[in-house]
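Residue indices begin at 1 and follow the sequence shown.
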Amino acid sequence: MATRKEHDFIGELEIPDNVYYGVQTFRAVDNFQMTGRRLKDYPFFVKAFVQIKKAAALSNRDCGVLDKEKAEAIAKACDRIIAGEFLDQFVVDMIQGGAGTSTNMNSNEVITNVALEMMGHSKGEYQYLHPNDHTNLGQSTNDAYPSSIKISSYMKLTELLASMEKLKTALEDKAKEFKDIIKMGRTELEDAVPTTLGNTFNAFASYIKSDIAKITAAREAMTYLNMGATAIGTGINCHPDYKFKVEKYLKEITGVEFKPAEDFIAATQDTADFVHVSGALKTAAVRLSKIANDLRLMNSGPRCGLGEINLPQMQPGSSIMPGKVNPVICEVVGEACYEVIGNDVTIMLCSERGEFELNAFEPGIGYALLNSIILLDNAMKTLCEKAIKKLTANPETCLKLVLGSVGIVTAFNPLIGYEKSASIAKEALQTGKAVGDICLERGYLSKEQIDKVLEPKNMLNPQMGK
């Protein structure tokens, strides 16, 4: 295989001539073998990074610090990568030391070598176009890397919000479908008082609606970038007009109005925006897991559980027990949510490790945050399409459980008082008798009164003393 020689200040290396990355990427691949997941496995993250490089080149051209030929060669190379070419050349592990420098240099080297070939030169002929001097001009890893996390997070959060809207709509549809189905409410897994299956699904929809609002608000923090901050926020080696131009170009390229952070020094060292977004994702994960688990319990059976709903049968549930079907969709959604919750801890710890003018642990933040968004998006889609839209109810089972419950004795409280109602409940539990029969035997109420109190619809909205 043909090779070319490249060097950095550590020394010289032979680089296979068929690759577009260079010496610094080559070292990073050798140094960082953590997750087995590379930049190329996150194409939207690569795209965001390259969009930044294009905006930077055009801004530097406008500021007069990068000549037109070089700037446009960089921009055209970026366009090809944004369109999906050369993705396999982004080979650095997502988890890396150095605050993301290896990711930045992987991008700089690939863009530069693609541009060199377009200019009629060979890969590695950096005297014509240099990864650091030209492609990285006016930038540092310390502004380009967190900005790329923010841009890619914003885009993926937008996709997540669309999935959440679909799930909310599906839950609202089920709430309407099930609005007249009486079911037993439960607290601490014990019988409580009646409700409707519609109420249950409407509450689920309200969870998602609330989380849509929280994530939408948190997403706004991803629009404030520190492009132009360079190393520590002072803007060293950067044209003073650059930060305004780069935001303008980023808006043209991405369609989103990204803005300069108010304080570049603070923005370069502080990663609390990512903690804020992760917190919103964690809240959504907690609620989604709760929904999935409630569905799993309501579906339990088919004969020895609650059996209030029927989740779609997705696959055989056992290698030994014939006919068994498990609630696998609810289970996988729960597992995804736990991963999001765990990622939130990682993000919090990595953010806390920011020292002085930079947080060196941003790759850990980026990896965990992007994974959380992807997981939660997939979980929302999966629960919506493979569970909610296709599940059915068992109205007769729901009503039977209500009428056979001891918990409905609560409806007698306004008429006979707590003590008598508690006594009825105790006897019902000991004997298995229905609470209405015990109340009638004791002469507390007439049959007509009891039938009225225990009418399922009346129990949903009982009237005091009537």
Side-chain angles (χ1 to χ4, degrees), residues 44-66 71 74-75 78 82 99-101 103-104 107-108 111 132 134-158 215-278 280 351 354 356-360 362-363 365-366 369-370:
F44 58 93
F45 181 49
V46 172
K47 180 179 179 179
F49 223 111
V50 176
Q51 287 173 328
I52 284 173
K53 295 297 177 179
K54 178 180 179 180
L58 296 176
S59 300
N60 283 317
R61 178 199 64 188
D62 291 357
C63 290
V65 295
L66 183 63
I74 291 170
C78 289
I82 291 167
T101 297
T103 295
N104 190 28
S107 299
N108 287 331
I111 292 167
N132 298 83
H134 303 124
T135 306
N136 196 61
L137 180 62
Q139 304 151 66
S140 164
T141 294
N142 305 343
D143 56 7
Y145 189 82
S147 293
S148 70
I149 297 173
K150 286 191 169 184
I151 292 173
S152 55
S153 293
Y154 186 96
M155 299 305 182
K156 296 305 284 185
L157 286 168
T158 301
I215 291 173
T216 300
R219 183 184 60 169
E220 181 64 17
M222 298 293 95
T223 64
Y224 291 91
L225 310 181
N226 68 331
M227 289 300 296
T230 66
I232 65 170
T234 61
I236 191 171
N237 294 354
C238 182
H239 191 282
D241 294 336
Y242 167 87
K243 65 181 179 182
F244 303 109
K245 294 183 181 296
V246 76
E247 306 296 347
K248 176 178 73 77
Y249 278 115
L250 278 173
K251 181 179 180 181
E252 290 180 8
I253 294 166
T254 65
V256 177
E257 188 173 352
F258 292 102
K259 303 168 281 287
E262 183 177 345
D263 184 331
F264 273 15
I265 291 177
T268 303
Q269 61 189 253
D270 177 38
T271 53
D273 285 347
F274 300 124
V275 177
H276 179 48
V277 171
S278 180
S351 183
F356 299 121
E357 280 69 50
L358 179 68
N359 189 314
E362 285 181 356
I365 293 173
L369 183 63
L370 296 178

Inset, instruction - Report the distance from atom OH of Tyr145 to atom CZ of Phe45, rounding to the nearest 0.5 Å. - result: 4.5 Å
Legend entry - Interatomic distance, Lys251 atom NZ to Ile253 atom CD1 [nearest 0.5 angstrom]: 13.5 Å
Legend entry - Distance (rounded to the nearest 0.5 Å) between Gln51 CD and Ile151 CD1: 6.5 Å
Legend entry - Separation of Asn136 CG from Asn104 CG (nearest 0.5 Å): 5.0 Å
Under 3.5 Å, side-chain donor or acceptor atoms of residues 234-250 against the rest of the protein: list the pairs with distances, not counting sequence neighbours.
| unit_1 | atom_1 | unit_2 | atom_2 | d |
| --- | --- | --- | --- | --- |
| His239 | ND1 | Asp241 | N | 3.0 |
| Tyr249 | OH | Arg61 | NH2 | 3.1 |
| Tyr249 | OH | Asp62 | OD2 | 2.5 |

Legend entry - Heavy-atom pair of closest approach, residues Leu225 and Ser147: CB-OG, 3.7 Å
Inset, instruction - Could you tell me the separation between the CG atom of Leu137 and the CG atom of Asn132, rounded to the nearest 0.5 Å? - result: 10.5 Å
Inset, instruction - State which residues pass ring-ring contact (aromatic ring centres under 6.0 Å, His included) with Phe49; sequence neighbours excluded, sorted by chain then number. - result: none
Inset, instruction - Give a yes or no on whether the backbone of Arg219 and the side-chain of Thr223 come within a donor-acceptor separation of less than 3.5 Å. - result: no
Inset, instruction - List in chain and number order the residues that pass ring-ring contact (aromatic ring centres under 6.0 Å, His included) with Tyr154, two or more places apart in sequence or in another chain; answer none if no residue qualifies. - result: Phe258
Inset, instruction - Give a yes or no answer on whether the side chain of Asn142 reaches the backbone of Ala231 with a donor-acceptor pair at less than 3.5 Å. - result: yes
Legend entry - Heavy-atom closest pair, residues Ala229 and Asp143: N-OD2, 3.4 Å
Inset, instruction - Can you measure from NZ (Lys53) to OG1 (Thr135) and round to the nearest 0.5 angstrom? - result: 7.5 Å
Legend entry - Within-4.5 Å side-chain heavy-atom neighbours: Thr271 and Pro146: no
Inset, instruction - Return yes if some donor-acceptor pair links the side-chain N/O of Asn226 with the main-chain N/O of Phe264 below 3.5 Å, else return no. - result: no
Inset, instruction - Check the pair Leu369 / Ser153 against side-chain contact (heavy atoms from CB on, under 4.5 Å), numbers first and verdict last. - result: CA-CA 8 Å; Leu369 183 63; Ser153 293; 3.5 Å; yes
Legend entry - Main-chain N/O of Val65 paired to Asn60 side chain as donor or acceptor, under 3.5 Å: no
Legend entry - Shortest non-hydrogen contact from Thr230 toward Gly138: CG2-O, 3.6 Å
Inset, instruction - Would you check if the side chain of Ser278 reaches a backbone N or O of Phe274 as a donor-acceptor pair within less than 3.5 Å? - result: no
Legend entry - Heavy atoms from other residues, nucleotides or ligands near CD of Glu252 exceed 12 (cutoff 6.0 Å): yes
Legend entry - Least distance between heavy atoms, Ala218 atom then Ala280 atom: CB-CB, 4.1 Å
Inset, instruction - Verify, without hydrogens or angle tests, whether Glu220 (side chain) and Thr216 (backbone) share a donor-acceptor contact under 3.5 angstrom. - result: no
Inset, instruction - Would you sort out whether Phe356 and Ile232 count as a side-chain contact (heavy atoms from CB on, under 4.5 Å), showing the intermediate values? - result: CA-CA 9 Å; Phe356 299 121; Ile232 65 170; over 6 Å; no
Legend entry - Residues Met155, Val256; criterion side-chain contact (heavy atoms from CB on, under 4.5 Å); working and verdict: CA-CA 9 Å; Met155 299 305 182; Val256 177; 3.6 Å; yes
Legend entry - Where Ala71 and Ala57 come nearest, the two heavy atoms and their spacing: CB-O, 3.6 Å
Legend entry - Full working for side-chain contact (heavy atoms from CB on, under 4.5 Å) between Met222 and Asp273: CA-CA 7 Å; Met222 298 293 95; Asp273 285 347; 3.8 Å; yes
Inset, instruction - For residues Ala99 and Asn359, report the shortest heavy-atom separation together with the two atoms involved. - result: CB-O, 4.0 Å
